[in-house]
Amino acid sequence: MQRRESPPASAADRVATFLATGFGAGYGPIAPGTWGSIPGLAIAWAMERVAGAWGVAAAAAVFALAGTWAADRTARRLGAKDPGLIVVDEIAGQLVTLLFLPPTPRVLIAGFFLFRALDIWKPWPARRLEGLPGGSGIMADDLMVGLYANLILHALALWRPVWLGLA
């Protein structure tokens, strides 16, 4: 059973919790990881429009680094290894999934479902990466799954671009 969240003790705790919970998405009533992937889609779409593919890459790096800190701090405060309400890892993983792909509706939808399926399955070595300590373990498996999903989407874009609305 997951421990109830205690009130943040400091401003840094509040910032960490806000980021770790994906701006509140992690408080979704069921399937918090699925709710946590949605901000990743929105951020990827917005960054691609504003700053191009490298903007999405920069956002992925920022969320991976800041998210590792936030996840670690929040998990420690909650006294749990990987509490379900921490979803910043899903945001970072979703951003990695969509790296260097055009944000067409089909790419976004395919990226969302592919990432979620792989995140649940956690093919090797993603599941082993969960064993890393603290925020690194929370973040690493989702980054690996995002890489897998990205490679699959790039293969689909080359093999059957029409499926992703690219032809």
Side-chain angles (χ1 to χ4, degrees), residues 1-47 56-99 101 103 107-153:
M1 187 160 140
Q2 185 174 325
R3 285 185 57 181
R4 286 214 165 265
E5 184 176 356
S6 60
S10 68
D13 285 338
R14 287 191 293 277
V15 169
T17 299
F18 184 66
L19 179 58
T21 62
F23 318 113
Y27 293 109
I30 56 171
T34 299
W35 287 104
S37 294
I38 294 170
L41 285 175
I43 292 165
W45 178 81
M47 290 305 295
V56 178
V62 166
F63 274 92
L65 294 171
T68 299
W69 165 80
D72 184 68
R73 187 172 184 117
T74 303
R76 286 178 195 264
R77 187 175 57 76
L78 296 175
K81 182 169 172 44
D82 188 357
L85 61 83
I86 294 178
V87 296
V88 69
D89 49 332
E90 273 79 13
I91 294 173
Q94 192 69 73
L95 287 165
V96 170
T97 296
L98 298 168
L99 280 175
L101 290 159
V107 167
L108 294 173
I109 291 167
F112 176 80
F113 284 108
L114 186 56
F115 173 75
R116 290 307 305 139
L118 291 170
D119 190 30
I120 292 165
W121 177 30
K122 293 200 190 311
W124 186 89
R127 185 160 312 277
R128 293 190 78 194
L129 293 173
E130 287 180 310
L132 293 171
S136 297
I138 293 171
M139 190 65 66
D141 66 303
D142 288 270
L143 295 175
M144 180 96 265
V145 165
L147 178 61
Y148 290 154
N150 180 268
L151 293 173
I152 291 168
L153 286 173

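When a residue number appears, it is its place in the shown sequence, counting from 1.
Put simply, the side chain of Glu130 reaches to within 4.5 Å of the side chain of Arg127, judged on heavy atoms. Side chains of Met47 and Leu95 form no contact here, defined as non-hydrogen atoms less than 4.5 Å apart. Counting only heavy atoms from C-beta outward, the side chains of Leu41 and Leu98 approach each other to under 4.5 Å. For the pair Leu85 and Leu78, the minimum side-chain heavy-atom distance is below 4.5 Å. Contact annotation: the side chain of Leu132 approaches that of Leu129 to within less than 4.5 Å [non-hydrogen atoms, C-beta and beyond]. Taking 4.5 Å as the limit, some side-chain heavy atom of Thr21 sits within range of a side-chain heavy atom of Tyr27. Gln94 is listed as a side-chain neighbour of Thr97, based on a closest heavy-atom distance under 4.5 Å.
Partners of Phe18 according to the ring-ring contact (aromatic ring centres under 6.0 Å, His included) rule, which considers only residues two or more places apart in sequence or in another chain, are Phe23. Every residue meeting the side-chain contact (heavy atoms from CB on, under 4.5 Å) condition with Pro103, not counting sequence neighbours, appears here in chain and number order: Trp45, Glu48, Leu108.
Pro32 and Gly26 make their closest contact through CB-O, 3.6 Å (heavy atoms, listed as atom of the first residue, atom of the second, distance). Closest approach of Lys81 to Ala75, counting heavy atoms only: O-CB, 3.9 Å. The two residues Ala92 and Ala64 come nearest to each other via the heavy atoms CB-N, 4.1 Å. Contact record, Ala12 with Trp69: O-CH2, 3.7 Å, taken as the closest heavy-atom pair. Smallest separation of non-hydrogen atoms from Ala59 and Ile43: CB-CG2, 4.1 Å. Of all non-hydrogen atoms in Thr68 and Ser136, the two that sit nearest each other are CG2-N, 3.7 Å.
Rounded to the nearest 0.5 angstrom, Ile152 CD1 and Leu114 CG are separated by 4.5 Å.
In this structure, the side chain of Asp82 does not engage the main chain of Ile138 through any donor-acceptor pair within 3.5 Å.
For the side chain to side chain contact (heavy atoms under 4.5 Å, CB included) with Thr34, the qualifying choice from Phe115, Phe113, Phe112 is Phe112, the only one to do so.
Counting non-hydrogen atoms of other residues, nucleotides and ligands closer than 6.0 Å to CZ of Arg128 gives a total of 12 or fewer.
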When the side chains of residues 139-149 are checked against the rest of the protein, which donor-acceptor pairs come out under 3.5 Å, sequence neighbours left out?
from, atom 1, to, atom 2, distance (Å)
Asp141, OD2, Lys122, NZ, 2.7
Tyr148, OH, Trp124, O, 2.4

